[in-house]
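This report concerns only the one structure given below.
So you know, we letter chains A, B, ... as the sequences are listed, proteins then strands, and number each from 1.
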There are 2 protein chains.
Amino acid sequence: MTLTDLRYLVALARERHFGHAAERCNVSQPTLSVAIKKLEEELAVTLFERSAADVKITDIGARIVAQAEKVLLEAGQIKELATAGRDPLSGPLKVGVIYTIGPYLLPHLIPRVHEAAPSMPLLIQENYTARLAESLKRGDLDVIVVALPFEEPGIVTQAVYDEPFRVLMPSGHTWEKEEAIAASSLAEAPLLLLGAGNCFRDQVLEVCPMCRSGEGLQRTLEGSSLETIRHMVATGAGITVLPSSAADPLPDGNPLLRVRPFVAPEPFRRVALAWRVTYPRSGAIDVIRSAILASPLAGVRPVNR
Amino acid sequence: MTLTDLRYLVALARERHFGHAAERCNVSQPTLSVAIKKLEEELAVTLFERSAADVKITDIGARIVAQAEKVLLEAGQIKELATAGRDPLSGPLKVGVIYTIGPYLLPHLIPRVHEAAPSMPLLIQENYTARLAESLKRGDLDVIVVALPFEEPGIVTQAVYDEPFRVLMPSGHTWEKEEAIAASSLAEAPLLLLGAGNCFRDQVLEVCPMCRSGEGLQRTLEGSSLETIRHMVATGAGITVLPSSAADPLPDGNPLLRVRPFVAPEPFRRVALAWRVTYPRSGAIDVIRSAILASPLAGVRPVNR
DNA sequence: AATGGCGATAGAGATTAACTATACAACGCC
DNA sequence: GGCGTTGTATAGTTAATCTCTATCGCCATT
């Protein structure tokens, strides 16, 4: 029993004439005859009474035809689903973003994606890189926004932008009069850092290797966020390093805080998109990338692909 | 897209492993691989993300699989319908009976059929032979009970029983003292007859050809029934001829009526079943025949097949 | 760098589906 | 009653499709 057989069956039930039904199915009369006969043998029931005068459907035949129509209808739905699903910009997209990017990127990203792909709602999760990577590999996420380096088997990445780091200090700090800060000097001040698991923490420590050893001078704030640290800096608890998208939007006239760049070469992080090599909706990822690049993130430099 | 493809699809969605899914479908892994690939091409959507680690279903794939399961379920219903319909004794049987048999046969027939084939309800219609024949050919009836001769293209008949004719007369009639009545004498008395269209009327006139010409002596009662005629005979309006199944059950002590046989050779009618040569439920017809023969119809003689 | 698991691909063989041509059955017509 | 017409079934051939075995290639792991 195949869907073709069922189509023949339904056609014959409608036409009550092998020749006409065959014509409607664009096959020859013997083809349809044989198919019906085989179907009757397979089901071991007589579906039609053939006589010279006409073709009559049996009671059981009529019931089976009705069921066959239902099958064909449901099968047609598959094609409809496929047609509807063919557009990579339709259907929800599950996006993951690391904590140190989300709050600054998403307010810009979301409306832009909505405009570019109105029927692609975003399901967003913020988390650590490691957690995002796991979700991505499991299929719980479709694409994630992380900082490089990021290498995972089966995952491809595409750099989107570079983002320089800034030094954030309280007003009145001794470095306030400097134009730019040298990375090496970070070890001198109490440096407030995010907890382990945040890649940004590691990147900052890489900028200033001495900070790692100069124990006591840096303080790790578990379960915290950049915003929390910013407030702590404002109270004079220490200094910190922020990505430009988090640091630069601060009103320069903020009475309690001062932002300074690093001396060249500026340390920076490279932000990238990552997805499974096998992920089929590349069009959706393109939209995300474009929307990120269209977002006004302070200080960032696009990376040419 | 075939039902087989959909079975492969559903299996793969369940197993998330080409090899295992193929095994479950009793085919080789390449067979399943190719089938899925072709399905994806036909639908122009990616249903699964393949990677070394595992097989993930896409969102659109999951929706299509759900739909495919629905299709397979409905298709399975076809087999169930066929299995249920394979028994010729299941499902209603549309039976036609001529007016001069119905009232005497059906009260016996119906309970016997119900006992022999409980899941075969009878849909019964009484009518003239010509009307029954038409309905039978149209397919509105499955089998009819008529008197022979009955010849129609595409229709087969099977004699069931012979039924002798009786003379019915009011008490006190001059023939009351006769043991048996000669057919030729019928022309002498006012003979009450059914209206045109009833085959029994023609059969009676054939028994007594003189009645046709002896005008005035026979009276045609249009729109009447044997029972009505019986009552008229009781009032002394004339005599009539009845089939034995209608005449013999009359209590012989009935004060108003007398029943006499014809002198040999007794005239009789041959009652038969008729159905389309193409009708597939011959088992159902056998049940009807057996039930008729098991019915206690007064005076009838079974006809060996 | 080697290995093993897993899906994709290639090529051969077998099955099946379709066609054309024709047989066969039934009915209607002359 | 023979004959033509109509309509379905059958035969035989060809083509498409399905499925197989064998093998490749990729990737992740040891």
Side-chain angles (χ1 to χ4, degrees), chain A residues 1-9 11-13 15-42 46-58 61 133-134 136-138 151-157 276-280, chain B residues 1-9 11-13 15-42 46-58 61 133-134 137-138 151-156 276-280:
Chain A
M1 184 172 66
T2 71
L3 289 174
T4 307
D5 292 337
L6 298 185
R7 269 185 280 273
Y8 294 164
L9 172 63
L12 181 56
E15 300 286 336
R16 310 200 162 221
H17 186 289
F18 280 76
H20 299 166
E23 195 173 351
R24 176 170 287 234
C25 295
N26 299 309
V27 296
S28 69
Q29 170 264 314
T31 297
L32 195 133
S33 259
V34 169
I36 296 291
K37 188 183 168 75
K38 280 192 57 184
L39 194 57
E40 286 182 323
E41 278 168 11
E42 180 180 347
T46 304
L47 300 173
F48 297 94
E49 286 185 45
R50 295 105 156 131
S51 63
D54 61 346
V55 173
K56 289 186 192 60
I57 191 160
T58 63
E134 203 173 324
L136 182 64
K137 287 201 279 188
R138 246 206 323 272
E151 306 243 337
E152 290 284 341
I155 304 294
V156 290
T157 61
R276 295 182 296 280
V277 264
T278 55
Y279 189 65
Chain B
M1 183 171 68
T2 73
L3 289 174
T4 306
D5 292 338
L6 298 186
R7 269 186 280 272
Y8 294 164
L9 172 64
L12 181 56
E15 300 286 337
R16 316 206 155 212
H17 185 291
F18 279 75
H20 299 165
E23 193 174 353
R24 177 170 288 234
C25 294
N26 299 309
V27 295
S28 68
Q29 170 262 315
T31 297
L32 195 132
S33 259
V34 169
I36 296 292
K37 189 183 167 77
K38 279 192 58 183
L39 195 57
E40 287 182 323
E41 277 169 13
E42 181 180 346
T46 303
L47 300 172
F48 296 94
E49 287 185 44
R50 293 105 157 133
S51 64
D54 61 347
V55 174
K56 287 185 192 64
I57 192 159
T58 62
E134 203 173 323
K137 288 202 278 188
R138 249 207 320 273
E151 306 243 335
E152 290 285 340
I155 304 293
V156 289
R276 295 182 296 281
V277 264
T278 54
Y279 189 65

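- Between B/Asn26 atom CG and D/dT19 atom P there is a gap of 12 Å when expressed in whole angstrom units.
- For the pair A/Glu49 CD and D/dT8 C1', the computed distance is 15 Å after rounding to whole Å.
- Distances shown here put every side-chain N or O of B/Arg50 at or beyond 4.0 Å from the OP1 or OP2 atom of C/dC6.
- For A/Glu151 and D/dC27, the CD to P distance is 14 Å, given to the nearest whole Å.
- In terms of modelled atom types and a separation under 3.5 Å, the side chain of B/Thr2 and the main chain of A/Thr2 share no donor-acceptor contact.
- Between the A/Arg276 side chain and the A/Lys137 main chain, no donor and acceptor come within less than 3.5 Å of each other.
- Nucleotide D/dA28 holds its P atom 9 Å from the NZ atom of A/Lys137, rounded to whole Å.
- Interatomic distance, A/His20 NE2 to A/Leu12 CG, rounded to the nearest 0.5 Å: 11.5 Å.
- The phosphate of D/dC20 has OP1 or OP2 within less than 4.0 Å of a side-chain N or O from B/Ser28.
- The shortest distance between the side-chain N/O atoms of B/Tyr8 and the OP1/OP2 oxygens of D/dT19 is below 4.0 Å.
- Listed by residue number, B/Pro30, B/Thr31, B/Lys38 are the residues of residues 29-40 of chain B with a heavy-atom contact under 4.0 Å to DNA chain D.
- With the nearest nucleotide of DNA chain C identified for both B/His17 and B/Ile155, B/His17 has the one nearer the 5' end.
- Looking at which nucleotide of DNA chain C each of B/Pro153 and A/Thr2 is closest to, the 5′-most match is held by A/Thr2.
- B/Glu49 contributes no side-chain N or O that, together with a main-chain N or O of B/Lys56, makes up a donor-acceptor pair within less than 3.5 Å.
- For CD of A/Gln29, the number of neighbouring non-hydrogen atoms (other residues, nucleotides, ligands) closer than 6.0 Å is greater than 12.
- Around atom CZ of B/Arg50, more than 12 heavy atoms belonging to other residues, nucleotides or ligands sit under 6.0 Å away.
- B/Asp5 comes within 4.0 angstrom of no nucleic acid atom, judged by non-hydrogen atoms across all strands.
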